[in-house]
Structures are given as C-alpha cells and as structure tokens.
Amino acid sequence: MAAASRALLPTPRAAAGASLAGARARLPASASLPFRAHRVRCAVVSSPAPVAAPPPSSAPARRISPAGSDGALRPKPAVLVAEKLSEAGLAVLREFADVECAYGMSPAELLAKVAQFDALIVRSGTKVTREVLEAGRGRLRVVGRAGVGIDNVDLQAATEAGCLVVNAPTANTVAAAEHGIALLASMARNVSQADAALKAGKWQRTKYVGVSLVGKTLAIMGFGKVGSEVARRAKGLGMHVIAHDPYAPADRARAIGVELVSFDEAIARADFISLHMPLIPTTNKIFNDESFAKMKTGVRIINVARGGVIDEDALVRALDSGKVAQAALDVFTVEPPPKDSKLVLHENVTVTPHLGASTVEAQEGVAIEIAEAVVGALRGELAATAVNAPMVPAEVLSELAPYVSLAEKLGRLAVQLVAGETGIKGVKVVYTTARGPDDLDTRLLRAMVTKGLVEPVSSTFVNLVNADYTAKQRGLRITEERVAHDSPAAEAPLESVQVRLSQVQSRFAGAISDGGDIVLEGRVKYGVPHLTLVGPYEVDVSLEGNLILCRQIDQPGMIGKVGNILGQRNVNISFMSVGRTFRGKQAIMAIGVDEEPDKETLEKIGGIPAVEEFVFLEL
Ligand SMILES: NC(=O)c1ccc[n+]([C@@H]2O[C@H](COP(=O)([O-])OP(=O)(O)OC[C@H]3O[C@@H](n4cnc5c(N)ncnc54)[C@H](O)[C@@H]3O)[C@@H](O)[C@H]2O)c1
Ligand SMILES: O=C(O)[C@H](O)COP(=O)(O)O
C-alpha cells in the first residue's frame with residue numbers, strides 16, 4: 001500500500017525553484033467507485049462543523065451565515081486577498097465570505113496574518129511558501145491563484161497541510177496572446193525605443209526604421225491555449241505561421257492553417273519566434289547558445305511564457321553578435337530582474353513587467369473565475385480547476401492503488417517516447433481483467449493515464465475531476481477496451497494495463513508495434529508496478545527510479561558492456577531485463593537506474609557497436 005499510495009501523492013515538477021506537484025484525485029459523490037465495497041464523500045474541502053451559536057470570543061472574528069445546502073448555520077469564512085483582484089471577483093467573494101484585501105504585504109506580514117483566514121488569494125507576486133502554509137495550518141483550507149502559473153505556490157506543502165489549491169487557467173489566455181502580438185508589432189517598429197528617444201528630445205526617423213510583418217515566418221513554440229491564439233492573430237497580420245509542439249494534435253493546427261514542424265526546422269525557418277511552452281525540465285533554457293546558432297541571423301524573439309525557457313546570458317551574447325536582432329520579453333528568470341540586468345538594459349530589447357495577463361477584461365475574468373472556484377471549494381463542492389486535491393481515502397485505494405500508479409507511469413513513459421511533429425492522435429487503454437464492468441470502474445485508471453500523458457509536457461495539472469475535460473481540451477481521444485482474462489477466479493482486479501498511442505512517431509523505434517502504435521504494457525507484481533511489454537518486446541522491470549531502453553543486436557556480452565559503463569559512472573542499476581523477438585535478431589534491454597546518467601554516459605552506451613538506439617525515460 002505504501003508504494004501504491006505514492007502514485008496519488010503529488011510528484012515534484014519542474015519550474016525554476018518551484019515546487020510544482022502532481023495532483024491527487026478524489027472521487028465525486030456521484031461516482032460509481034472503482035470497486036463496490038467503499039463509498040467516498042465528495043467534498044473537496046471539508047466544511048467546518050455546523051454551529052448554532054457564535055464562536056467563542058477568542059476565535060478570529062467569524063460571522064454566522066447559512067452556508068450549507070442543509071441550511072445549517074455555519075461560521076462565515078474569511079478570505080484574505082493578497083494581490084489586486086478586480087472588483088467583480090471581490091463582489092462574488094463578499095456574498096459568501098468576509099473579505100480582507102491586504103495588497104503589498106511583506107512575507108512577514110503575510111505569515112502573521114494567514115492563520116486568521118480560511119482562504120488566501122494571490123497572483124504571481126506572492127510566494128505561498130511552506131512556511132506560509134504551515135502558519136495557516138488548521139484554518140487555511142484553500143489557496144486561489146488568480147491566473148495560470150502556480151510556480152509561486154508550494155503545492156507539496158499545500159497538499160500536506162490539507163489545503164486545496166485552485167487556479168484560473170483560461171481567463172487570461174487571450175490577454176497573454178494579445179500581449180504577445182503587441183510585443184511582436186512594437187518590437188518590429190521600435191516603438192518603445194523611439195518613444196523613449198522622442199521623450200528625451202531626439203527626433204530620430206532614420207535610426208528607427210523597422211521591419212514589416214506581412215509575409216514573414218513566425219514560429220510558435222508551444223501550440224497550447226496561448227500559442228494557438230497568437231497563431232490565429234498572426235495569420236490575420238499576413239504572417240506565415242509554423243509551430244513546434246511535440247504533443248499538439250496536427251488536426252487542430254491544420255484547422256488554423258498552421259504547419260507543425262520539428263524544433264530545429266521551426267527555429268531555422270523563422271523570422272520571428274514566439275515562445276508559449278511551459279517551464280518544465282525539458283524546456284528549461286531550451287533557447288541557448290546551441291539553439292540560437294541554428295536560427296537565421298537577424299531573428300526576432302518574443303517571450304510571454306516563462307523567463308526560464310531562455311538562457312538569458314546566451315540571449316545577451318546572441319543580441320551582442322547580431323544573431324538575434326531584437327527580443328521582446330514579458331517574463332524573466334528572476335522577477336523582478338536585477339536593476340543592472342544586461343538583458344533588460346540592452347538597446348535591442350523591449351521589456352514589460354509580466355503584463356501578459358494584465359488587461360481590465362482578463363483581470364475581471366480571472367477574478368470572477370478564481371472567486372467562484374474559491375467559494376465553491378469553501379462550500380465543499382468539486383473544483384474543476386483544482387490543481388491539487390485531497391487524496392482518495394486509503395480504503396478506496398487499497399485494491400486499485402498499485403494499478404493507479406502503473407497507469408500513470410505507463411502514460412508518463414509513453415509521452416516521453418513521442419517524437420516528431422505529428423502529435424498524439426489517439427490513445428487506447430486496454431485492460432485485461434477477469435472482472436465485469438460493474439465490478440471494475442476504470443475512470444480512476446483512465447484519469448491517471450491522462451495525468452501521465454499530459455503533466456510532463458504542459459502546465460496543466462490533472463486529477464480525477466478534470467482528467468476527461470483536460471484530455472478533450474487537448475484533443476486527446478482516449479478509448480478503453482476490456483479484454484477478458486481467461487482466469488475468472490483471479491483475485492487481482494486486473495491482469496495487465498496496456499497504453500497504445502496510435503500512429504505516432506517515436507524517439508525509440510523499438511517501442512512501435514507491428515500495427516505502427518507505440519505500445520507499453522504493465523502488470524502489478526507483489527504490489528509493485530512492472531513494465532512488461534515495449535512494442536513487440538517482452539521485458540520485466542519494476543517501475544521505480546528511471547529507465548533506459550536500449551535496442552541492440554541480440555548477442556552475448558551486451559548486459560556486461562552496458563552494466564560496466566553505468567558502474568564506472570556510479571549509476572546504480574535497480575533492475576535489468578532483456579527481451580528479444582528471435583535469437584540473434586534484435587533485442588531490447590530495459591534498465592532501471594537509481595541515478596540519472598549524464599550525457600556522456602548515455603553517449604557511451606549509444607556508442608556500443610551493437611546498440612541500434614537508446615532512450616532515457618524519467619518516471
Ligand atoms: N506572461 C503572462 O502573463 C502569461 C499569461 C498566461 C500564460 N503564461 C504562460 O504561457 C505559457 C503557455 O500557457 P498556456 O495556457 O498556453 O499553456 P498550455 O498548457 O495550454 O500550452 C503549453 C503548450 O506547450 C507545449 N509543450 C510542452 N513541451 C513543449 C516543448 N518542449 N516544445 C514545444 N511545446 C511544448 C504543450 O504541449 C502545450 O500544448 C505558460 O508558461 C504560462 O505560464 C504567461
Ligand atoms: O501565469 C499567469 O497566469 C500569468 O503569468 C499571469 O500572472 P499574473 O497573475 O501575476 O499577472
């Protein structure tokens with residue numbers, strides 16, 4: 001159970017110094033449960049116990065209001081709003097709670113105050129640290145992030161403190177896209193530089209000759225919510241739009257008339273590059289000396305995503321050399337950036353102080369979205385924008401837990417195997433089980449496959465509440481199939497779980513089945529998830545730590561060679577398994593490793609003559 005429970009515990013995710021975490025799932029009241037024996041309450045956050053009389057005078061001031069659907073009198077919740085929230089959102093909050101707006105608090109002031117509130121609402125400027133969450137422990141039940149990015153909230157600590165975190169993921173999409181377009185146009189025409197010069201008394205018409213947008217190629221890096229809105233607008237400006245997003249559905253791009261291409265092709269062909277990917281390990285400093293070198297000389301870059309996707313020192317070098325003609329930046333690795341930042345002060349750089357979401361309309365939308373989410377959560381309703389959610393009670397998980405972990409891990413591994421620009425078209429989850437549909441509800445497993453597929457590559461957090469919605473939004477068509485296990489007396493709820501990504505290019509050809517799908521299958525053995533099939537190859541490795549998959553010609557001595565290389569680099573092998581189609585033909589080695597091997601070690605493995613391909617996968 002211990003290993004299995006970990007599957008629903010938030011897992012640390014990337015983002016500069018941030019503690020982003022995976023979601024925990026909770027079952028809705030109406031949900032039919034994974035198995036019959038247990039029923040769960042639906043409340044996302046438990047409401048305070050009903051009271052008939054005012055609280056004792058020592059308690060923080062709480063008014064009484066009829067808050068529950070049962071009509072019982074409850075203390076009126078108190079909400080602290082730590083950053084500017086539009087009046088429309090405050091009005092929603094005030095109908096239900098006592099609201100205090102305390103803008104511009106120091107961290108010490110927030111620490112001193114937070115314990116008096118049931119909910120805290122912030123934007124990106126307030127750090128909701130473990131300390132803050134511990135100070136609020138016992139009363140603070142909800143943190144609302146009025147915006148998308150939650151890299152300023154310690155999700156792990158929030159979950160540990162039993163505090164639900166909700167965000168407002170859609171209301172500022174258009175504002176961010178419009179800001180991207182504003183930066184694109186003003187950069188191309190030197191608007192901010194010319195404005196500053198004229199205000200300093202200089203009339204410099206020849207110095208500030210710009211470049212035209214029409215007919216130019218714009219590469220959108222990250223074709224999600226914001227990226228696709230930027231694409232639509234840029235097409236209206238007469239630009240030729242291409243995009244790179246390894247996980248975006250090609251039909252969505254086609255519908256907007258955007259060509260999906262590889263990373264290298266996008267940056268090599270573009271006159272303008274606009275960044276819209278999340279900050280995750282694979283995108284951290286993805287724009288660096290190496291990638292700048294592949295761009296056209298004189299390229300122009302816009303960033304309204306997150307500062308950390310650019311190596312800022314490398315960008316200064318590229319600007320100095322003229323490789324990058326101009327950059328327009330709304331976001332920075334450290335915010336606010338240092339006053340003497342070479343990047344900010346560079347004459348070819350246009351900057352704004354993280355204003356992407358700052359329009360009257362977006363702030364109103366975000367304020368209403370977050371106020372409704374916070375009120376709903378305080379009422380104990382399910383929050384569709386929950387970023388974390390309290391864990392499913394242990395007894396509900398006791399049987400399915402290892403399969404839940406297996407489902408998420410298969411999803412995580414599968415998405416990391418995807419390559420190319422075709423996007424994921426369809427996902428099939430095949431359950432081999434002796435149980436009938438009434439005895440095994442697969443929604444939790446399907447949600448966890450979705451979580452595994454989506455979270456490593458996006459800023460979206462997936463839990464049982466939002467999994468199907470998230471999959472639909474991202475164009476992921478997930479179908480399920482049950483295959484009857486021929487031993488109906490089997491005790492285990494499932495014999496195996498298989499994840500198939502249909503007709504997709506892979507970074508590892510060995511994972512492609514005869515039918516052209518990426519196929520991974522796993523089983524639970526002694527309570528631990530195991531990977532048992534990769535494409536056509538049978539393997540058997542416990543899914544712990546990280547994984548190296550290596551395809552080679554089946555011949556003696558291969559295990560020793562790879563083992564030696566890893567051993568010399570102090571990388572501990574936890575499991576190893578070899579599967580082959582026919583003796584002497586191709587074989588796959590699946591190697592579980594405790595540490596992440598460095599690039600050189602992986603290259604050495606790839607350099608073994610019989611090795612045809614290899615891939616490193618994080619779990
Ligand atoms: N400046 C602002 O005020 C502001 C406002 C809103 C959003 N944002 C930021 O903009 C970014 C995009 O937000 P969104 O709401 O569109 O998120 P989203 O999750 O809808 O889109 C992100 C897209 O990036 C793609 N992606 C993941 N890894 C990639 C890679 N290696 N290469 C290319 N694409 C990759 C994903 O598949 C996804 O389609 C986020 O970082 C968000 O925090 C900033
Ligand atoms: O993540 C977001 O929603 C944007 O970066 C906006 O952040 P803000 O709410 O601080 O403007």
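These figures come from a predicted structure and were not determined experimentally.
- Under the 4.5 Å side-chain criterion, counting only non-hydrogen atoms from C-beta, R145 is in contact with N152.
- Scanning all heavy atoms of the two residues, the minimum distance from H354 to S358 falls at O-OG, 4.3 Å.
- Not a single donor-acceptor pair under 3.5 Å links the side chain of K409 to the backbone N or O of P529.
- Here L120 contributes atom CG and R141 contributes atom CZ; the two are 13.5 Å apart, rounded to the nearest 0.5 Å.
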Please report the C-alpha distance between D154 and T129 in whole Å, then the side-chain angles of each, then the deciding distance to 0.1 Å, and finally whether the side chain to side chain donor-acceptor pair (under 3.5 Å) criterion is met.
CA-CA 5 Å; D154 186 334; T129 58; over 6 Å; no

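- In this structure, E83 contributes its side chain and G125 its backbone to a donor-acceptor pair below 3.5 Å.
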Are V449 and L410 close enough, and set up right, to give a side chain to side chain contact (heavy atoms under 4.5 Å, CB included), and what steps lead you there?
CA-CA 7 Å; V449 171; L410 290 175; 5.8 Å; no

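- Of the options R306, E312, K285, a side chain to side chain donor-acceptor pair (under 3.5 Å) to T333 is made by E312 and by none of the others.
- Classification of the F287-F263 ring pair by plane angle, with boundaries at 30° and 60°, yields tilted.
- Between I286 and D311, every side-chain heavy-atom pair lies at or beyond the 4.5 Å cut-off.
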Please step through side chain to side chain contact (heavy atoms under 4.5 Å, CB included) for the pair L329 and L343, ending with a clear verdict.
CA-CA 9 Å; L329 311 170; L343 187 59; 3.5 Å; yes

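- In this structure a side-chain-to-backbone donor-acceptor pair under 3.5 Å is present from D245 to F223.
- Atom CD1 of I370 is separated from atom OG1 of T385 by 5.5 Å, given to the nearest 0.5 angstrom.
- The CG atom of L275 sits 4.5 Å away from the CG atom of N303 when rounded to the nearest 0.5 Å.
- Taking CD1 of I267 as the start and CD of E290 as the end, the distance is 9.0 Å to the nearest 0.5 Å.
- A salt bridge is absent between D468 and K472; no separation between the charged side-chain nitrogens and carboxylate oxygens falls under 4.0 Å.
- Across L85 and A146, no two heavy atoms sit closer than the pair CD1-CB, 3.8 Å.
- A salt bridge between E87 and R94 is present, with a side-chain N of the basic residue lying under 4.0 Å from a carboxylate O of the acidic one.
- Contact check for R233 versus E178: side-chain heavy atoms found under the 4.5 Å cut-off.
- Between V299 and F272, every side-chain heavy-atom pair lies at or beyond the 4.5 Å cut-off.
- Residue-environment remark: CD (E95) stays at or below the threshold of 12 foreign heavy atoms within 6.0 Å.
- Residue L90 comes nearest to Y103 through the heavy atom pair CD1-OH, 4.0 Å, listed as atom of the first residue, atom of the second, then distance.
- Under the 3.5 Å distance criterion, the side-chain polar atoms of S291 are matched with a main-chain donor or acceptor of N288.
- Within the 3.5 Å criterion, the main-chain N or O of E618 finds a donor-acceptor partner in the side chain of Q416.
- For the pair K342 and D320, the salt-bridge criterion is not met [side-chain N within less than 4.0 Å of a carboxylate O].
- Between L619 and N546 the shortest heavy-atom distance is N-OD1, 3.3 Å.
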What's the verdict on side chain to side chain contact (heavy atoms under 4.5 Å, CB included) for V165 and V128, showing C-alpha distance, side-chain angles and the deciding distance?
CA-CA 11 Å; V165 182; V128 185; over 6 Å; no

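- Taking 4.5 Å as the limit, every side-chain heavy atom of V143 sits out of range of all side-chain heavy atoms of L164.
- No donor-acceptor contact under 3.5 angstrom links the side chains of T173 and E229, judged on distance only.
- Contacts of R130 classified as salt bridge (Lys or Arg N to Asp or Glu O under 4.0 Å), with partners at least two apart in sequence or in another chain: E134, E160.
- To the nearest 0.5 angstrom, K76 atom NZ is 9.0 Å from F96 atom CZ.
- Nearest approach of I280 to V457, heavy atoms of both residues: CD1-CA, 3.7 Å.
- M221 has its side chain out of reach of H276: every pair of non-hydrogen atoms, C-beta onward, lies at least 4.5 Å apart.
- No side-chain donor-acceptor contact under 3.5 Å links E364 and S86.
- A donor-acceptor distance shorter than 3.5 angstrom exists from the side chain of D330 to the backbone of G356, with no hydrogens or angles considered.
- S192 and D195 share no donor-acceptor pair across their side chains, judged by distance under 3.5 Å alone.
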Are D118 and L140 close enough, and set up right, to give a side chain to side chain contact (heavy atoms under 4.5 Å, CB included), and what steps lead you there?
CA-CA 4 Å; D118 300 280; L140 189 71; over 6 Å; no

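- Although no hydrogens or angles enter the test, the distance criterion places no donor-acceptor pair under 3.5 Å between the side chain of T126 and the main chain of V122.
- Using a 4.5 Å heavy-atom threshold, the side chains of T450 and L453 count as separate.
- In this structure, A119 and V374 approach most closely via the heavy-atom pair CB-CG1, 3.7 Å.
- Under the 3.5 Å distance criterion, the side-chain polar atoms of S341 are left unmatched by any main-chain donor or acceptor of P337.
- Rounded to the nearest 0.5 angstrom, I302 CD1 and L218 CG are separated by 6.0 Å.
- Using a distance-only test at 3.5 Å, with no hydrogens or angles considered, no donor-acceptor pair links the side chain of E100 to the main chain of L80.
- A salt bridge links E408 with R412; the closest basic N to acidic carboxylate O contact falls under 4.0 Å.
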Worked verdict on T170 versus E369 for side chain to side chain donor-acceptor pair (under 3.5 Å):
CA-CA 9 Å; T170 55; E369 195 176 359; 3.2 Å; yes

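- Between the side chain of E595 and the backbone N or O of N572, at least one donor-acceptor pair lies under 3.5 Å.
- Other residues, nucleotides and ligands contribute more than 12 heavy atoms inside 6.0 Å of the NZ atom of K323.
- A 4.5 Å side-chain heavy-atom check between N190 and Q193 finds at least one atom pair inside the cut-off.
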